[in-house]
Amino acid sequence: MNNLHLTNSLTNKKEIFNPINKDNVTLYACGPTVYDNPHVGNARALVVFDVLFRILIELYGEKKVSYVRNITDIDDKIIEASKIKKISISDLTKSVTEKFHKDCKVLFCLNPTKEPKATDHVAGMINTTNKLIEKNAAYEKEGHVFFAVASFKKYGKLSNKNPDDLKAGARVEVSKLKKDPLDFVLWKPSDKNDPGWDSPWGRGRPGWHLECSVMSEKYLGKNFDIHGGGLDLIFPHHENEIAQSCVYNGTDKFANYWVHNGFVTMNKEKMSKSLGNITTIEDATKKYTGQVVRLSLLSAQYKQPLDWNNELLTEQSKTLDKWYSMYSSEVSEKTPNCFNDLLDDMNTPLYISKLHELFQESQKGNKDKKKEFNKACRLIGLFNESAEKRAEYKKSKVKISKDNILSKIKDREEAKKAGNYKLADQIRDDLNEEGIDIKDEKGKTIWNYK
RNA sequence: GGCCACGUGGCGGAAUGGUUACGCAGAGGAUUGCAAAUCCUUUUAUUCCAGUUCGAUUCUGGACGUGGCCUCCA
């Protein structure tokens, strides 16, 4: 397989990826709503699309891929959170955005080409809303503007839903202002104290789906290659994006490929804020390293569910420890053979199995394989910190001082010489407790931070 | 209720119409003062039923089970 294949949610089939323009391959991924600290579920989407970005870069070249990931900094959840936390909206969004950026860095995600904010694009959203009204695809009612779903015939194609079923199964109270229960809001009025912008329909703020349509068009064009996000965004978010963009653009083509990642689960249940079963990225990367979290997130194929638990993390942590013994700054220039496994719908587990093979061969002294191993690790965002830096990180978790360690090791060596193995073993056990790994190799004591 | 995904060894997790995934754990061996690390060898699996087929874990149908979407969510 030398072509990239992706499962397209539009068709539910694995398809060969053909970009519209090989000199500018375009990827849009839904970014965070900055109202609370990002959790491991958010991290999965982040890492999955980072890997896709890296694959595209490897295939088409760094300068020929445009990756846009938005930041949603206006939303009802943000307003609510700022009231609960009693801090201003701008302080809240600023601090959460900072935290998000920190998490991205810890997870070794590349910076997207562009990271637009919703609040910088309100004018564009008003403009789009106006056009949709002109086209009779939207209507104003008491300061609200709704998109009329009936104006888009293909509504429901992405999420595999037919509008009649949706109406029948409606579980939410429908606003009386809507002509059709499926219609969704493009613009809504803001209370005096809530953030708002002046518009032809009064002071208000945009609905959620509109920003992605406006920003993707601005930075990637009316028709672009890949749109990604979590499985839970398919309906209604992405369905609504498609509807409003297609009607606005007067086409039936928006993103050509829709890629959706599966959920992170806890005890088989979706990790989500509303269920309260979340682990923040900050906590996860504190306890383990960012790389361990990253490798764990890639241990299942992106569409499959991924259960988050200690066993997973400790296993990946062990793997990375092992692998780091073959860390090298000498990296092969060639694309490794196993890259093909990534091309096959990002089959990261299969790719990782090849990393194990390459590791074994490099350990046996095969220098080419070692270079290839190092290249292959970097390709999915591993080995981004040197072995020394990683050791430093581990050192920070150990309380005992280096001098103390060295002196204890000296004591142990003397005890060994004297044949006092009981004492020597005791010292080794003690150091082990402190987080120091001791091994005797060829008569020498080798020690490492665990 | 509608729609979707999934069900592989002790665990995680790929693949495949007939041949070892891989990792962790377990067992045996080499090595070691004993360990650790490493290396070698090795045990264990395709939810159930029916069909198609020379042959199905893989394709088709059904049953059961799990999870998800239908409301904010990555």
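Here is how names work: the chains are called A, B, and so on, in the same order as the sequence lines, proteins then strands, and each is numbered from 1.
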K.L.:
For the side chain of A/Thr319, starting at C-beta, report the closest nucleotide among B/rA5, B/rG23, B/rA74.
P.N.:
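Looking only at side-chain atoms, A/Thr319 lies closest to B/rG23.
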
K.L.:
Tell me which nucleotide among B/rA74, B/rC34, B/rU71 gets nearest to the side chain of A/Lys270.
P.N.:
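When the side chain of A/Lys270 is considered, B/rA74 is the closest of B/rA74, B/rC34, B/rU71.
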
K.L.:
Name the closest nucleotide to the A/Asp440 side chain, picking from B/rC72, B/rG12, B/rA35.
P.N.:
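The closest nucleotide is B/rA35.
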
K.L.:
If you look at every strand shown and take non-hydrogen atoms under 4.0 Å, does A/Lys161 touch a base, only sugar-phosphate, or nothing?
P.N.:
base

K.L.:
Closest approach to the side chain of A/Glu315, judged atom by atom: which nucleotide of B/rA74, B/rG33, B/rC24 is it?
P.N.:
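It is B/rC24.
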
K.L.:
Could you tell me how far B/rC54 sits from B/rU71 if I compare only their P atoms? Round to whole Å.
P.N.:
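Each nucleotide's P atom is 49 Å from the other's.
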
K.L.:
What is the distance, to the nearest angstrom, from the CD1 atom on A/Ile436 to the P atom on B/rA36?
P.N.:
18 Å

K.L.:
Which value, in whole Å, describes the distance between the C1' atoms of nucleotides B/rG28 and B/rG68?
P.N.:
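To the nearest whole Å, 45 Å.
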
K.L.:
Figure out the CD1/C1' separation between A/Ile234 and B/rG2, and round it to whole Å.
P.N.:
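Rounding to the nearest Å, CD1 of A/Ile234 and C1' of B/rG2 are 16 Å apart.
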
K.L.:
Using the P atom as the point on both nucleotides, what is the distance between B/rA21 and B/rU42, in whole Å?
P.N.:
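Those two atoms are separated by 12 Å.
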
K.L.:
Picking from B/rC72, B/rA74, B/rC4, which would you name as closest to the side chain of A/Asn12?
P.N.:
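The answer is B/rC4.
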
K.L.:
Which word best sums up how the rings of A/Phe184 and A/Phe147 line up, parallel for under 30°, tilted for 30 to 60°, or perpendicular for over 60°?
P.N.:
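Parallel: the ring planes of A/Phe184 and A/Phe147 meet at under 30°.
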
K.L.:
Can you tell me which nucleotide in B/rA36, B/rG68, B/rA21 comes closest to the side chain of A/Leu350?
P.N.:
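Given the options B/rA36, B/rG68, B/rA21, the side chain of A/Leu350 is closest to B/rA21.
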
K.L.:
Please classify the nucleic acid contact of A/Gly262 as base, sugar-phosphate, or nothing, using heavy-atom distances under 4.0 Å.
P.N.:
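Touches a base.
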
K.L.:
Take atom CG of A/Asn261 and atom C1' of B/rC4, then tell me their distance rounded to the nearest Å.
P.N.:
16 Å

K.L.:
Would you kindly check whether a donor in the side chain of A/Arg428 faces an acceptor in the base of B/rA35, or vice versa, at under 3.5 angstrom?
P.N.:
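Under the 3.5 Å cut-off, the side chain and the base do form a donor-acceptor pair.
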
K.L.:
Is A/Gln363 close enough to B/rC39 that one of its side-chain N or O atoms is under 4.0 Å from OP1 or OP2 there?
P.N.:
yes

K.L.:
Both conditions, 6.0 Å and 45 degrees, for the charged tip of A/Lys395 above the ring of A/Tyr449: are they met here?
P.N.:
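Output no; distance or angle outside limits.
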
K.L.:
So what does A/Ile446 hit on the nucleic acid, given a heavy-atom distance under 4.0 Å: a base, only sugar-phosphate, or nothing?
P.N.:
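Result for A/Ile446 = nothing.
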
K.L.:
Against A/Arg205, only a single residue in A/Ile79, A/Val122, A/Asp75, A/Thr119 fulfils side chain to side chain contact (heavy atoms under 4.5 Å, CB included); can you say which?
P.N.:
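It is A/Ile79; the other options fail the test.
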
K.L.:
Within the 4.0 Å heavy-atom criterion, would you say A/Phe235 contacts the bases, only the backbone, or no part of the nucleic acid?
P.N.:
sugar-phosphate

K.L.:
Return no unless some side-chain N or O of A/Asn347 is found under 4.0 Å from OP1 or OP2 of B/rA15.
P.N.:
yes

K.L.:
Just how far, in rounded Å, is C1' of B/rU71 from NZ of A/Lys77?
P.N.:
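Distance, rounded to whole Å: 11 Å.
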
K.L.:
If we call it a pair only when both distances are under 3.5 Å in a Watson-Crick or G-U wobble match, what pairs with B/rU66?
P.N.:
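The answer is B/rA5, by the H-bond criterion.
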
K.L.:
Taking the same atom, C1', in B/rA14 and in B/rG7, what whole-Å distance lies between them?
P.N.:
15 Å

K.L.:
Give the rounded distance in Å between these two atoms: CG of A/Asp75 and C1' of B/rA74.
P.N.:
14 Å

K.L.:
When the C1' atoms of B/rG51 and B/rG13 are compared, how many Å lie between them, rounded to an integer?
P.N.:
30 Å

K.L.:
Within the 4.0 Å heavy-atom criterion, would you say A/Pro236 contacts the bases, only the backbone, or no part of the nucleic acid?
P.N.:
sugar-phosphate

K.L.:
With salt bridge (charged side-chain N to carboxylate O under 4.0 Å, His left out) as the test, would you mind laying out the steps for A/Asp50 and A/Arg54 before giving the verdict?
P.N.:
CA-CA 6 Å; A/Asp50 180 66; A/Arg54 288 168 189 269; 2.7 Å; yes

K.L.:
So what's B/rC34 paired with, Watson-Crick or G-U wobble, going by both distances under 3.5 Å?
P.N.:
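Its partner: none found.
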
K.L.:
Taking the side chain of A/Leu166 as its heavy atoms from C-beta onward, which of B/rA14, B/rG23, B/rC70 lies nearest to it?
P.N.:
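Nearest nucleotide to the side chain: B/rC70.
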
K.L.:
Taking any strand in view, what nucleotide pairs with B/rA14 in a Watson-Crick or G-U wobble way, both distances under 3.5 Å?
P.N.:
none

K.L.:
In whole angstrom, give the distance that lies between atom CD of A/Gln301 and atom P of B/rG23.
P.N.:
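Distance check: A/Gln301 CD to B/rG23 P gives 20 Å.
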
K.L.:
May A/Phe263 be described as stacking on the base of B/rA74, applying a 5.5 Å centroid limit and a 30° limit on plane angle?
P.N.:
no

K.L.:
With a 3.5 angstrom cut-off on both distances, give the Watson-Crick or G-U wobble partner of B/rU42, or none if there isn't one.
P.N.:
B/rG26

K.L.:
Check for me whether the distance between the ring centres of A/His144 and A/Phe146 falls short of 6.0 Å.
P.N.:
yes

K.L.:
For B/rU60, give its Watson-Crick or G-U wobble partner with both distances under 3.5 Å, or none.
P.N.:
B/rA50

K.L.:
Over all strands shown, is A/Gly41 touching base, sugar-phosphate only, or nothing at heavy-atom distances under 4.0 angstrom?
P.N.:
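The answer is base, as A/Gly41 lies within the cut-off (heavy atoms under 4.0 Å) of a base atom.
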
K.L.:
Using a heavy-atom cut-off of under 4.0 Å over every strand shown, decide if A/Val264 touches base, sugar-phosphate, or nothing.
P.N.:
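Base contact - A/Val264 has a heavy atom under 4.0 Å of at least one base atom.
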
K.L.:
Both A/Asp437 and A/Asn267 contact RNA chain B. Which one's nearest nucleotide lies toward the 5' end?
P.N.:
A/Asp437

K.L.:
Hey, what's the ring geometry for A/Phe224 with A/Tyr28, parallel, tilted or perpendicular (30° and 60° as the breaks)?
P.N.:
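It falls in the tilted class, 30° to 60°.
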
K.L.:
Counting only side-chain nitrogens and oxygens, does A/Lys318 get under 4.0 Å of the OP1 or OP2 atom of B/rA25?
P.N.:
yes

K.L.:
Could you give the distance separating B/rG62 and B/rC3 at their P atoms, to the nearest angstrom?
P.N.:
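Straight-line distance between the two P atoms is 12 Å.
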
K.L.:
Taking the minimum atom-to-atom distance to the side chain of A/Asn160, which one of B/rC4, B/rG23, B/rG67 wins?
P.N.:
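Within the option list, the nearest is B/rC4.
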
K.L.:
Among A/Pro236, A/Cys30, A/Cys246, which residue meets the side chain to side chain contact (heavy atoms under 4.5 Å, CB included) test with A/Glu241?
P.N.:
A/Cys30

K.L.:
Would you say the side chain of A/Asp425 and the base of B/rG33 hold a donor-acceptor pair, judged only by whether the two atoms sit under 3.5 Å apart?
P.N.:
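Side chain to base: pair found, below 3.5 Å.
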
K.L.:
What is the distance, rounded to the nearest whole Å, between atom CZ of A/Phe184 and atom P of B/rU71?
P.N.:
14 Å

K.L.:
Do A/His209 and A/His238 have ring centroids that are under 6.0 Å from one another?
P.N.:
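Ring centroids of A/His238 and A/His209 are no less than 6.0 Å from each other.
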
K.L.:
When rounded to the nearest Å, what value does the distance between P atoms of B/rA63 and B/rG55 take?
P.N.:
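Looking at atom P only, B/rA63 and B/rG55 are 26 Å apart.
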
K.L.:
By nearest atom, which of the nucleotides B/rA36, B/rG33, B/rA74 is closest to the A/Glu441 side chain?
P.N.:
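Output: B/rA36.
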
K.L.:
Are A/Tyr327 and A/Tyr324 an aromatic pair, judged by ring center distance below 6.0 Å?
P.N.:
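Ring centroids of A/Tyr324 and A/Tyr327 are less than 6.0 Å from each other.
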
K.L.:
With P as the reference atom in both, quote the distance from B/rC4 to B/rG18 in angstrom, rounded to an integer.
P.N.:
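Straight-line distance between the two P atoms is 28 Å.
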
K.L.:
Rounded to the Å, how far apart are A/Asn340 CG and B/rA14 P?
P.N.:
19 Å

K.L.:
Just to confirm, is there a sub-4.0 Å distance from OP1 or OP2 of B/rC24 to any side-chain nitrogen or oxygen of A/Lys322?
P.N.:
yes

K.L.:
Compare side-chain N and O positions of A/Lys364 against OP1 and OP2 of B/rC40 and report whether any pair is under 4.0 Å apart.
P.N.:
yes

K.L.:
Give the C-alpha distance, both sets of side-chain angles, the deciding distance and a yes or no for ring pair (Phe, Tyr, Trp, His ring centres under 6.0 Å) between A/Phe373 and A/Phe383.
P.N.:
CA-CA 10 Å; A/Phe373 173 65; A/Phe383 276 13; 5.7 Å; yes

K.L.:
Choosing from B/rC39, B/rA14, B/rG12, which nucleotide comes nearest the side chain of A/Gln360?
P.N.:
B/rC39

K.L.:
State whether A/Asn42 places a side-chain N or O below 4.0 Å from either non-bridging phosphate oxygen (OP1 or OP2) of B/rA74.
P.N.:
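A/Asn42 to B/rA74 OP1/OP2: side-chain N or O found under 4.0 Å.
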
